[in-house]
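One structure is given here, and the rest of the page talks about it.
In what follows, chains are A, B, ... by sequence order, proteins preceding strands, each numbered from 1. Below, each value reflects all heavy atoms present in this structure, side chains not excepted, and no hydrogens, waters or symmetry copies.
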Amino acid sequence: MALSTSARSGPDRSRRDLSAPWRHTDPVLLVCTLAVSLLGLIMVFSATRGPTDPPVTSFLFKQGLFMLVGVVAMVVTASIDYRKYRDWIVPIYVATMLFLALVVSALGSTSKGAQSWFAVGGFQIQPSEMSKIVLILALASLLGAWKGDIDLRRLGMALAIAGIPMILIMLQPDLGTALVFIAITVVMFLIGGVRGRYLAVLALVGLMGITGILTSNVLGQYQKDRLTVFLDSSAKLEGPAYNVKQSQAAIANGGVTGSGLFQGPQTRLRYVPEQQTDFIFTALGEQLGFVGGATLLGLFVVIVWRIWRTAKLARDLLGTLVCVGVLAMFVFQIFESVGMTMGIMPVTGIPLPFMSYGGSSTVASFVGIGLVLNVHMHRFR
Amino acid sequence: MDTDSPRLRLSILAVVVLSLFGALFARLWYLQVMVADQFQVEAAANRVRTVAEEAPRGRILDVKGRVIVDNRSSLVVTINPKDFNALVMADQDNLLLRVAEQLTRSGNPTKVVGLRAKLSDPQYNGLQPIPIAIDVPETLFQYFAERADEYPSVAVVRQSVRSYPLQPASTAAHIVGYVGRISGDELTAMQGGVTPTKPIDKPYQPDSEIGKTGVERAYETYLRGTPGIRTIEVDAKGRPVRTVSEQAPQSGDDVQLTIDIDAQRSAEDALAQQLAALQGKHQDDGTPTKAPAGSVVALDPTNGNVIAMASYPTYDPAEFVNGISQDRFDQLTKGGDQNNPLINRAIQGQYAPGSTFKLITATAALQRGMITANTSYTDTGSYTIIGCKPGAAGCETRTNSGGESNGTIALPTAVTVSSDVYFYWLGDRFFHESAQFGATGIQDTAKAFGLGQSSGIPLVGESKGLVLDAELAKKRHDDNPTAFPDGGWYAGSNVNLAIGQAQVLVTPLQLTNAYATFANHGTLYQPQVVLRVVKAKADPNDPNSVVMTTEAHAIGHVDLPPNIYDPLNAGFQGAIDNPKGTAHSAFQGFDTSAFTLAGKTGTAQVNGKADTSLFVSYGPAGSPRYVVAAVLEESGFGARAAAPVVRHLWETLSNQALTAVAPAQSGTSG
């Protein structure tokens, strides 16, 4: 009712309406997000400009375009009351699952051993990125409606909702994204009120599942190598172990102040692979040093703190759950992507939010922030 | 579920998230602050390569500073066999096809079969990059450099290679020698490259060049440059990106020879022309003169410096630049010694000296008081060994080769007309009067003049020659009875020795040096080909640029007082001046009043072949500045074949008008 009244009151009145949602946005979150994005844009350029002049600028321009699309998507997402999404969640969820099924069918395209994207007019669209947001909304809708009253039947239903996209993504196979889904699900179950007992059993089943995957033939040998290489420091100097070694050497090479923007010898000479996407933190670490790396991590901490704070301030459980879902997504991606470049996490291809080159992940990350801003704006009404 | 529970759980979440970020901060601190140094060293090591860069060799100059051997830059396409063999067969074929295409396009028509043949050439040891195309254009260098990952194992390298600016390129080839890729044995021997005389570190790489023969080899330590060391940064695919540090290669020192290129050319031209003129002709007894080979030596008798040294047939050292093919090398060397152009006959060829040996026999007889300058002997044209019963083995009557009778003559005339009978008589007396004059009088004098031993010229492969005596003849027979069935020493042996036949072999250089010893009144010098070593590209006449100077090095002495020197000198001058002299006709028209010459012809018989033709001479009389000798294989009389070659060189040395080189019209065996 309140929303419809304010809509009818017209633009003039709304400007004076001190309780209008847009007046309750979170500028700290917004500024930090844009700051990380700009840093990401610079690092993408640095990682792709090539060792010689003239620099390659096509990645820079594309990433700038992705950012613009992302900001628009964020504003759109934020301006529709998040409670509305609950009403549309069933068709959105079903449509997303269909896309995920299509991408592993003959229509999808393969890159680096995984069939995870559609080629659309020169751009590659990865449905798995947006499906993370859809999963957050779907789980939040369910768990928010149940208000902590979850029996085994409801738990099974929630698991099925989370499991379907996870299985489809494992079929690509894209283990990294599947792990993000697990992180989102676990955290949302925790906050959504799933009983401790159930969580313990689920953790046990999950552990057995991972062991099973690593010892069976579901994954190719190269994927297993990538996942376990961080456990074995003596691995030979090629393949994934070589990448991790070079990445760590590059980061260490940055020292306290870094070797200077565009100057990192290890990254400029392409000793580190995929440095505009999965290994972008390496380029930053070498070129901007501990100062730059700590600044980025600090900005991420602020972003995560603002999301957590919004989760606490939310006027209902649905809003809280949306926020912790987004929080889980970001935290897991940050920890995995940054930890991998420093050798404390296994090597899986996960983009670093707002930093890594890529349209689908950039837009999905902005949409995630848009959801949090949405909850923040509507915390009073 | 109570309402506090979500708040509690949010707090748990906050703790977990903070710990995760704490771990990232800690790891970042650890890598970038605590262990950064260690990683930085590792990081630097894997992107930096050290490359040794060969320096240009020093140049080789003639006595007047004219460049005989220089350097030029050459682009060479190589294939690294180790990397190449790591490819699967299909990739190898594909690579070779593309390489052949590019080479053909750049003007070096190439087929895959040809590349395969080069790659399997046994000359290469499988470790060094194999050159597959030399002197390719700059565009190809850029093409391959930009596509290193498309052409694995292929590289284009810029090499400083030898160039031979003189025309023809073979000028002085045997003296300067040639260079080639270092062999495994040489690499082991030269490892470190430090020699006591030159404590500069010039390390060799498996693909380094090294002097193989001649001055290139003998003066390797000077000529070799000090390799540069370049540290380059490479990208992840091993492509060079930039140079980090560079210690520039230092050019080797220039070596200035004692050789005068004008004299050298004159000697080479005369020799080649005369041999060509003799081919297809016959000597007096009808034996064809094949004239396949020969040599000319010119020495400065005051210090032993070699002014010219020619050997025929010759070769083009430029063929060895960037490696010679095994086929071509076999073609050069497997035609037998007679045709092998790589042999320097001036120091490696060994010949009976014939009548040129009479210098030794006469000096031996004079020194020991067997005769004086005035001692006469009647040359009836034939000689029978003392106490010989006619018809007994080894007692056949010997004659002058022309059959002429010279009448009653003393030593100077015997030398001028080259009377064999006079010298048979001396040889015979050395045998029968050995109690008084010693059993090895002639041999001892021969050795004093430097025969039968290395002259010590600093070039590799010099032959020692041979001076046979009773003891050596017996040992030779005992060691190899099949080849030498008779180990005895007879009066006939001495008689043959006296005229330089059968019992003695000399190299052209030894013969020249023996006459140089006579010409300078008795000092035997070690022959030298290098005047001095100077800093790279420096003015040879600037004392500050001189690295090393060769000093005249006396290695022996022969006592030649006027009572010995004068009559012999008169005899040698007569050979040219006197109308009866053996070489008179060969020097007709040569202005001896302006430039007095003295000389001796020699004709040595060789079983079943035409005679070896020899001529040795010195001038100007009084204080000789040059000694010139020529030895022509299977060419006939010394006066007719060798003397005109020597005359041509004298014309050059004395700045006289050059006359055409051709066999002389007359002249006897002497």
* Checking side-chain contact (heavy atoms from CB on, under 4.5 Å) against B:L24, which of A:V301, A:L296, A:L297 comes through? -> A:L297
* Gap between atom CE of A:M342 and atom CH2 of B:W29 - 0.5 Å precision -> 14.0 Å
* Structure fact -> Correct closest heavy-atom pair for B:L10 and A:K312 would be CD1-CG, 3.5 Å
* Quick one: what part of A:V187 sits under 4.5 Å from any heavy atom of chain B, side chain, backbone, both or neither? -> side chain
* Do you know the tightest heavy-atom contact between B:F25 and A:F290? -> O-CE1, 4.2 Å
* Closest approach of B:R9 and A:L190, non-hydrogen atoms and distance? -> NH1-O, 2.6 Å
* So, for B:A36 and A:A252, which heavy atoms are closest and what is the spacing to 0.1 Å? -> CB-O, 3.5 Å
* Structure fact -> So, the part of A:L317 with a heavy atom under 4.5 Å from chain B: the answer is neither
* Contacts of residues 98-106 of chain B with chain A (heavy atom under 4.5 Å) -> none
* A:V304/B:F21 under side chain to side chain contact (heavy atoms under 4.5 Å, CB included): CA gap, chis, key distance, verdict -> CA-CA 10 Å; A:V304 169; B:F21 274 101; 4.0 Å; yes
* Between A:F335 and B:L20, which heavy-atom pair has the shortest distance, and what is it? -> CE1-O, 3.5 Å
* Would you please test B:R27 and A:M345 for side chain to side chain contact (heavy atoms under 4.5 Å, CB included) and show each step? => CA-CA 11 Å; B:R27 181 68 180 176; A:M345 285 296 280; over 6 Å; no
* Give, as side chain, backbone, both or neither, the part of A:F281 having an atom under 4.5 angstrom from any heavy atom of chain B. => side chain
* Decide side chain to side chain contact (heavy atoms under 4.5 Å, CB included) for A:I251 and B:Q32; before the verdict, give the C-alpha distance in whole Å, the side-chain angles of both, and the deciding distance to 0.1 Å. => CA-CA 7 Å; A:I251 291 171; B:Q32 295 192 311; 3.5 Å; yes
* Asked: Who among A:A328, A:G298, A:G289 has the most heavy-atom pairs with chain B under 4.5 Å?
  -> A:G289
